[in-house]
Amino acid sequence: MMSKILIVDDDKEIRNLIAVYLENEGMETEKAEDAMEALKMLEKSAFDLIILDIMMPKMDGIQACMKIREERSMPIIMLSAKSEDMDKIQGLAAGADDYLSKPFNPLELIARVKSQLRRYKKYNSEPVVDKSILEIGDLTVNTNTRQIWLQKREVRLTPKEFDILELLARNKGIVLSVAKIYEAVWKEDFFKSDNTVMVHITKIRDKIEEEPKRPIYIKTIWGVGYKI
């Protein structure tokens, strides 16, 4: 997949020069003339790496880097006309991954971009876990489509039955009291004599348990509540 790079510099010639070299390497680029514009672009698009100048009007690169790091982890390479060690330390402390002083060799910048992209993609290549899919043994719960499958066979639950099963599945291993289940699902105060939850649990077990009287999914913890 083509890497997408955001170039942030108030010097148009530098922005265009960097873009030419990156695009010649098969990368996609977008450009921002200041940090404020860059932050707006980050809200709308995803980028694999940011090249960020330090000396810019409105908001400098150090402030922008700290703002970006509040929510995002992609590599940031900082550029600066300053070459003192303290400026480099300040940039790296703000969250930058690399630092290059101006004037720079474009080929060195490209090499650093490739190095950062390799490292970032290596440590972020784990498959994304779909949090809408909950799996408990042979039972699969899709919270987006509100569907249940047992050994690849779809099981039909009523809306309240589904809500109870989802609540227990999301709190796997945790014992939930009858009162807590009732108030979470029905959004009402629980009355001690109410056996609504018990009735619904029984119906769910009839649908998903091979032996409802000896359940393997929804366990009763006597005197406390239920858990998966």
Side-chain angles (χ1 to χ4, degrees), residues 1-135 142-145 170:
M1 180 179 283
M2 185 183 296
S3 296
K4 189 175 180 181
I5 314 298
L6 177 59
I7 304 163
V8 190
D9 198 302
D10 60 335
D11 189 319
K12 184 177 180 180
E13 290 186 6
I14 290 178
R15 291 199 305 270
N16 290 340
L17 174 68
I18 294 172
V20 167
Y21 275 88
L22 290 172
E23 288 166 9
N24 284 342
E25 294 293 325
M27 301 179 201
E28 181 183 351
T29 67
E30 288 194 27
K31 293 168 276 189
E33 64 181 19
D34 60 51
M36 301 299 290
E37 182 184 2
L39 292 173
K40 290 178 182 177
M41 293 171 71
L42 284 166
E43 293 296 327
K44 298 177 182 177
S45 303
F47 293 90
D48 298 296
L49 182 142
I50 302 173
I51 296 172
L52 181 64
D53 186 33
I54 290 183
M55 302 297 291
M56 290 186 293
K58 300 180 183 177
M59 178 187 288
D60 65 34
I62 298 293
Q63 293 172 302
C65 184
M66 294 172 68
K67 190 74 176 172
I68 292 167
R69 280 291 176 254
E70 289 177 4
E71 298 181 357
R72 296 171 176 84
S73 61
M74 79 283 280
I76 297 175
I77 298 178
M78 300 199 92
L79 304 177
S80 178
K82 297 181 177 181
S83 58
E84 287 83 357
D85 286 342
M86 187 52 65
D87 296 309
K88 181 177 181 180
I89 291 169
Q90 189 178 11
L92 296 173
D97 298 277
D98 205 349
Y99 183 103
L100 200 57
S101 298
K102 296 178 179 179
F104 55 84
N105 183 330
L107 295 179
E108 181 182 358
L109 175 60
I110 298 303
R112 294 191 183 208
V113 166
K114 289 182 177 179
S115 174
Q116 289 296 333
L117 286 173
R118 281 195 302 270
R119 185 177 295 114
Y120 179 68
K121 290 181 178 181
K122 176 181 178 181
Y123 291 106
N124 290 272
S125 60
E126 293 84 1
V128 176
V129 176
D130 187 346
K131 294 183 179 179
S132 68
I133 305 295
L134 307 174
E135 295 186 343
N142 187 321
T143 61
N144 281 345
T145 63
R170 286 196 181 280

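Computed from a predicted model, the values in this text were never measured in an experiment.
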Check [X] against [Y] and note the closest heavy-atom contact, atom names and distance.
{"X": "S3", "Y": "D48", "result": "CA-OD2, 3.3 Å"}
{"X": "S73", "Y": "Y120", "result": "O-CE1, 3.5 Å"}
{"X": "F47", "Y": "I5", "result": "CD2-C, 3.8 Å"}
{"X": "R69", "Y": "R72", "result": "NH1-O, 3.1 Å"}
{"X": "C65", "Y": "G95", "result": "SG-C, 3.6 Å"}
{"X": "V8", "Y": "A38", "result": "CG2-CB, 3.6 Å"}

- Message: Against M78, only a single residue in I62, L92, D97 fulfils side-chain contact (heavy atoms from CB on, under 4.5 Å); can you say which?
- Response: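 Looking at I62, L92, D97, the match for M78 under the side-chain contact (heavy atoms from CB on, under 4.5 Å) is I62.
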
- Task: Apply side-chain contact (heavy atoms from CB on, under 4.5 Å) to I50 and I68, showing your working.
- Result: CA-CA 10 Å; I50 302 173; I68 292 167; 3.8 Å; yes

Taking the side chain from [X] and the backbone from [Y], do they hold a donor-acceptor pair closer than 3.5 Å?
{"X": "Q116", "Y": "V113", "answer": "no"}
{"X": "S132", "Y": "N144", "answer": "no"}
{"X": "N24", "Y": "V20", "answer": "yes"}

- Message: Just to verify, what does E37 make a side chain to side chain donor-acceptor pair (under 3.5 Å) with, not counting sequence neighbours?
- Response: none

Nearest 0.5 Å please: distance from the [atom1] atom of [X] over to the [atom2] atom of [Y].
{"X": "L17", "Y": "L109", "atom1": "CG", "atom2": "CG", "answer": "9.0 Å"}
{"X": "E135", "Y": "N142", "atom1": "CD", "atom2": "CG", "answer": "10.5 Å"}
{"X": "Y99", "Y": "L52", "atom1": "OH", "atom2": "CG", "answer": "11.5 Å"}
{"X": "N16", "Y": "I18", "atom1": "CG", "atom2": "CD1", "answer": "9.5 Å"}
{"X": "L79", "Y": "M56", "atom1": "CG", "atom2": "CE", "answer": "9.5 Å"}
{"X": "S45", "Y": "E28", "atom1": "OG", "atom2": "CD", "answer": "8.5 Å"}

- Among pairs that include at least one residue of residues 103-112, which meet salt bridge (charged side-chain N to carboxylate O under 4.0 Å, His left out), considering only residues two or more places apart or in two chains? D98-R112, E108-R112

- Summary of salt bridge (charged side-chain N to carboxylate O under 4.0 Å, His left out) pairs that have at least one residue in residues 8-19, sequence neighbours excluded: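 Found D9-K102.
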
Are [X] and [Y] packed together at the side-chain level, in the sense that at least one heavy-atom pair is separated by less than 4.5 angstrom?
{"X": "E71", "Y": "L42", "value": "no"}
{"X": "K114", "Y": "R118", "value": "yes"}
{"X": "D60", "Y": "M55", "value": "no"}

- Task: Kindly check if the number of other-residue, nucleotide or ligand heavy atoms within 6.0 Å of CE (M41) is above 12?
- Result: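 More than 12 heavy atoms, drawn from other residues, nucleotides or ligands, come within 6.0 Å of this atom.
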
- Message: More than 12 heavy atoms of other residues, nucleotides or ligands under 6.0 Å from CE of M36: yes or no?
- Response: no

- Message: Evaluate M59 against L39 for side-chain contact (heavy atoms from CB on, under 4.5 Å), listing each step before the verdict.
- Response: CA-CA 11 Å; M59 178 187 288; L39 292 173; 3.9 Å; yes

- Task: List the steps and the verdict of side-chain contact (heavy atoms from CB on, under 4.5 Å) for I7 and E30.
- Result: CA-CA 6 Å; I7 304 163; E30 288 194 27; over 6 Å; no

- What's the verdict on side-chain contact (heavy atoms from CB on, under 4.5 Å) for I110 and L22, showing C-alpha distance, side-chain angles and the deciding distance? CA-CA 7 Å; I110 298 303; L22 290 172; 3.4 Å; yes

- Query: For residues K4 and T29, is any side-chain donor paired with an opposing acceptor at under 3.5 Å?
  - Reply: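 No, no side-chain donor-acceptor contact under 3.5 Å.
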
